[in-house]
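These notes are about the structure you will find just below.
Basis for what follows: all heavy atoms, side chains included, without hydrogens, waters or symmetry-related copies.
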Amino acid sequence: NAGVTQTPKFQVLKTGQSMTLQCAQDMNHNSMYWYRQDPGMGLRLIYYSASEGTTDKGEVPNGYNVSRLNKREFSLRLESAAPSQTSVYFCASSPQGDEAFFGQGTRLTVV
Amino acid sequence: QQQVKQSPQSLIVQKGGISIINCAYENTAFDYFPWYQQFPGKGPALLIAIRPDVSEKKEGRFTISFNKSAKQFSLHIMDSQPGDSATYFCAASMRNQGGKLIFGQGTELSVKP
């Protein structure tokens with residue numbers, strides 16, 4: 001099993017550009033999450049989806065949108081990238097809201 | 001507002017020693033307390049977790065100690081090995097709130113041979 005797969009692994013954007021980070025899980029989990037990781041701040045929740053068709057804001061949702069396309073896929077979109085969104089982004093999934101399985105991350109730089 | 005505070009930020013331990021990382025939380029509604037281990041360039045992976053109805057959980061060389069009255073929990077790594085060198089994150093969540101994890105700031109552990 002691949003687990004949680006994120007694409008791309010690396011990305012450089014110019015300020016104002018848009019992009020979508022893709023995430024797919026093959027574990028049939030109901031819950032999916034997007035976190036960002038910044039030095040000294042741990043991981044912070046951007047958005048989460050408790051089930052297909054539902055999404056909700058996390059701690060730091062501003063500047064982001066999400067789509068739960070189906071049970072497997074949960075995408076994160078940056079409509080107009082800003083340097084403050086330079087970070088490492090992790091997608092995760094969980095079967096019942098306890099143990100979370102993380103992807104390998106997307107390292108995003110906004111210049 | 002940082003709901004989960006972790007210390008120390010970095011830790012250097014000799015091989016065979018005990019590594020101790022501490023976390024404190026504020027929200028008494030939290031009912032799940034995991035520790036995650038992260039190697040460079042990788043995503044975090046669950047190491048061990050505890051629920052507040054027990055005071056200690058041990059899995060191999062890794063032990064969580066939980067003090068509900070003090071709202072604190074800690075990770076103890078016995079007989080630390082160079083392969084344990086990684087960043088460790090504590091976290092907390094409420095299962096009835098979708099399992100959204102609130103992470104501590106992380107501890108970078110280095111085990112010297």
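In this structure, Lys57(A) NZ and Lys100(B) NZ are separated by 12.5 Å, a value rounded to the nearest 0.5 Å. To the nearest 0.5 Å, atoms CZ (Phe103(B)) and CG (Leu43(A)) are separated by 5.0 Å. Here CZ of Arg44(A) is found 11.0 Å from CD1 of Ile102(B). Values are rounded to the nearest 0.5 Å.
No other option in Gly103(A), Gly105(A), Ala100(A) has as many heavy-atom pairs under 4.5 Å with chain B as Ala100(A).
Summarising the local packing, CZ of Arg72(A) is surrounded by more than 12 heavy atoms from other residues, nucleotides or ligands at distances under 6.0 Å. More than 12 non-hydrogen atoms from other residues, nucleotides or ligands lie less than 6.0 angstrom from CD of Gln81(B). Counting non-hydrogen atoms of other residues, nucleotides and ligands closer than 6.0 Å to CD of Gln9(B) gives a total of 12 or fewer.
Side chain of Tyr35(A) to main chain of Leu101(B): a donor-acceptor pair is present (N/O by atom type, distance under 3.5 Å, no hydrogens or angles). Judged by distance alone, the side chain of Tyr48(A) and the main-chain N or O of Gly99(B) form no donor-acceptor pair under 3.5 Å.
Heavy atoms of Gln37(A) lying under 4.5 Å from chain B belong exclusively to its side chain. For a residue to count as touching a neighbouring chain, one of its non-hydrogen atoms must lie under 4.5 Å from one of that chain's; by this rule Ala50(A) does not touch chain B. In this structure, chain B has a heavy atom under 4.5 Å from the side chain of Leu45(A), while its backbone stays farther away.
Under a hydrophobic-cluster definition in which Ile, Leu, Val, Met, Phe, Trp and Tyr are linked whenever side-chain heavy atoms come within less than 4.5 Å, directly or via other members, Trp34(A) and Met19(A) are assigned to the same cluster. Residues Leu108(A) and Phe90(A) do not share a hydrophobic cluster, clusters being chains of Ile/Leu/Val/Met/Phe/Trp/Tyr side chains in contact below 4.5 Å. Hydrophobic clustering, with ILVMFWY side chains joined whenever heavy atoms are under 4.5 angstrom apart, keeps Ile46(A) apart from Phe102(A). In terms of hydrophobic clustering, with Ile, Leu, Val, Met, Phe, Trp and Tyr side chains grouped at heavy-atom distances under 4.5 Å, Val13(B) and Ile77(B) are assigned to a common cluster. Hydrophobic clustering (side-chain heavy atoms under 4.5 Å, transitive across Ile, Leu, Val, Met, Phe, Trp, Tyr) keeps Ile20(B) apart from Val111(B).
Among residues two or more places apart in sequence or in another chain, the salt bridge (Lys or Arg N to Asp or Glu O under 4.0 Å) test is passed with Asp84(B) by Arg61(B).
Counting all heavy atoms, side chain and backbone alike, Tyr36(B) lies closest to Glu99(A) at OH-C, 4.1 Å. Nearest heavy atom pair, residue Ser31(A) against residue Gly98(B), reads OG-O, 4.4 Å.
Below 4.5 Å, heavy atoms of chain A meet heavy atoms from Gln38(B), Gly41(B), Lys42(B), Gly43(B), Pro44(B), Leu46(B), Arg51(B), all part of residues 37-55 of chain B.
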